[in-house]
Amino acid sequence: IFLKNFHDSQLVKEKKHMEQSIEKVVEHIKANIDQGVSDLAKLVSIPGCAFKGFDPKDLEKCADAVASLLKERGFENVELMRVKDTPPYVYADYLHAPGKPTVLFYAHYDVQPAGDTKLWKSPPFELTRRPGDGGERLFGRGAVDNKVAITMLTSIVSAFLNTTKNLPVNIKLLCEGEEEIGGPHFPELLNQNKKKFAQDIIVINDSGNEVTGEPTLTTSLRGACLIEIELRGMSKSVHSGYFGGLVPDPAMALAKILASFTDDRGRLTIKEILDKVPELASYEREALRKIPFNEKRCREQVGMLPNAEIPIHAHSPMEQLWRFPNLTVTSFQASTREQARNNINATAWARIDLRLAPGMDSKEISEILMSTIKKAVPKKFECTLSNLQLFNGWATDPYRGKHAKILQAAAESFKKGFGRDVSFIGCGASVPLVKVLQDIFSDPPQIVGGLADALANFHGENEGLLIDELLKTS
């Protein structure tokens, strides 16, 4: 009894000491917010895009800048790593907490292209502070997605080292330079360095909050099949008046084929794919049903026309968005608006994006989809299909799953920062690396959050980080 009481008293003392230490760290972060903003500005100023056509030297510069920042803020073993000719991966760690868990943080320093610079209210690669939706924001490409994940962590580590002289856990950081193109070499890097990246918990700050100021943790992500289709009807384009009605029209045929895969309300109709949607447990479905869906806000966010219907064909809007497949035509081309003329075009081309529910096998689904397309093509056309990207979805159960305790603990931590309860949400988008990490490291607990609030406009013009959200998340 004496030993138990002594042990319990020690735990109480340790908890109180930790709470006091955290208070000092938080105060240090608030007092040094300008330094964190300056660090972010340096990274935002480097326009590193991994897409074809952009200067790869910018990615090299950004990796070097990240490595320098990590060294300045107290990280150790800072290293640039490569797989073949990829942009550098940046690794660093701080491993001075024996007997404590090791946390692997992930971030990426590559960004989306700036888009239409005329639509930006300030230069996209010049971090600018000004009032925005929800409060003061920091505007710039990468300010939200995802360079802030790097500078937020460096600010936190610096605060610990300047106040308590150590970290309460061991940490590792891995920064990628080609996430925005799907991270094609990421699995190879992990497999080659499994020991270096070994961990107990993974934290990924590359998601965000559905509603500004309301903390959320992401517990599911959809997979994806991205496919290109080309129909050819002739060896050359011909006059639509001279030959219209006699020769095949690839554009009309492709439009009909694509339209046949959904009904009049936009719902997927390919039965072989719908049959592969995993059934949810009753408590999971009920949890999704209880998440409120604000139709008015949804319409305003996307600029929906007044007469447009939001078709719900799952058990709830959130189940449909997070746990159900959806087909989108992202590009369609026969000619261009500038080159439009009175022709029947020789070819028509489209790119389609099929989002998959977690648990669906992207390779299997892509085979079903391509087989369905081939069967729908009339014999008078040649059809070429290309698989661009295949991602499997991911899900973890925050209520009854094996990582539920850790996720609930993370939720309590966020509650302290935001002063309100945390919601566990899904995401209709795909973050392939989460599933990759799950598979390679045998399903470790992954805490997926981020700073992309509903009004951040990441991937669009005027991407803006809400400063209040940054402080609360930190």
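- Checked against the 6.0 Å centroid threshold, Y106 and F197 do not count as a close aromatic pair.
- Checking side-chain atoms of T102 against main-chain N and O of N170 turns up no donor-acceptor pair under 3.5 Å.
- Side chain to side chain, H96 and E76 meet the donor-acceptor criterion of an N or O pair below 3.5 Å.
- No donor-acceptor distance shorter than 3.5 angstrom exists from the side chain of R222 to the backbone of W394, with no hydrogens or angles considered.
- With a 6.0 Å cutoff to the six-membered ring centre and a 45° limit on the axis angle, K172 does not count as a cation-pi contact of Y91.
- Listed here is the closest heavy atom pair of P306 and R299: O-NH1, 4.0 Å.
- A salt bridge between R137 and D453 is present, with a side-chain N of the basic residue lying under 4.0 Å from a carboxylate O of the acidic one.
- Side-chain atoms of E284 come within 3.5 Å of backbone N or O of A281 as a donor-acceptor pair.
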- Task: Please step through side-chain hydrogen bond (donor to acceptor under 3.5 Å, both in side chains) for the pair E188 and Q192, ending with a clear verdict.
- Result: CA-CA 6 Å; E188 189 174 351; Q192 289 178 1; 3.3 Å; yes

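- Ion pairing between D353 and R355 holds under the 4.0 Å rule for side-chain N and carboxylate O.
- Of the possible donor and acceptor atoms, none in the side chain of E469 sits under 3.5 Å from a partner among the backbone N and O of T212.
- Using a 4.5 Å heavy-atom cutoff, the side chains of E463 and W120 are in contact.
- In terms of modelled atom types and a separation under 3.5 Å, the side chain of N209 and the main chain of V211 share no donor-acceptor contact.
- A donor-acceptor pair under 3.5 Å links the side-chain atoms of R141 to the main chain of P113, judged by distance alone.
- Under a 3.5 Å cut-off, the side chain of T128 and the backbone N or O of E126 do form a donor-acceptor pair.
- Taking the ring centre of F139 as origin, the terminal cationic atom of R130 falls inside the region bounded by 6.0 Å and 45° from the ring axis.
- T86 places no side-chain N or O within 3.5 Å of a backbone atom of R82 that could act as its donor or acceptor partner.
- In this structure, a donor-acceptor pair under 3.5 Å is present between the side chains of D145 and H108.
- One finds no salt bridge joining E461 and K118 here, because no Lys/Arg side-chain nitrogen approaches an Asp/Glu carboxylate oxygen to under 4.0 Å.
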- side-chain hydrogen bond (donor to acceptor under 3.5 Å, both in side chains) evaluation trace for Q408 with K405: CA-CA 5 Å; Q408 293 293 339; K405 286 185 178 180; over 6 Å; no

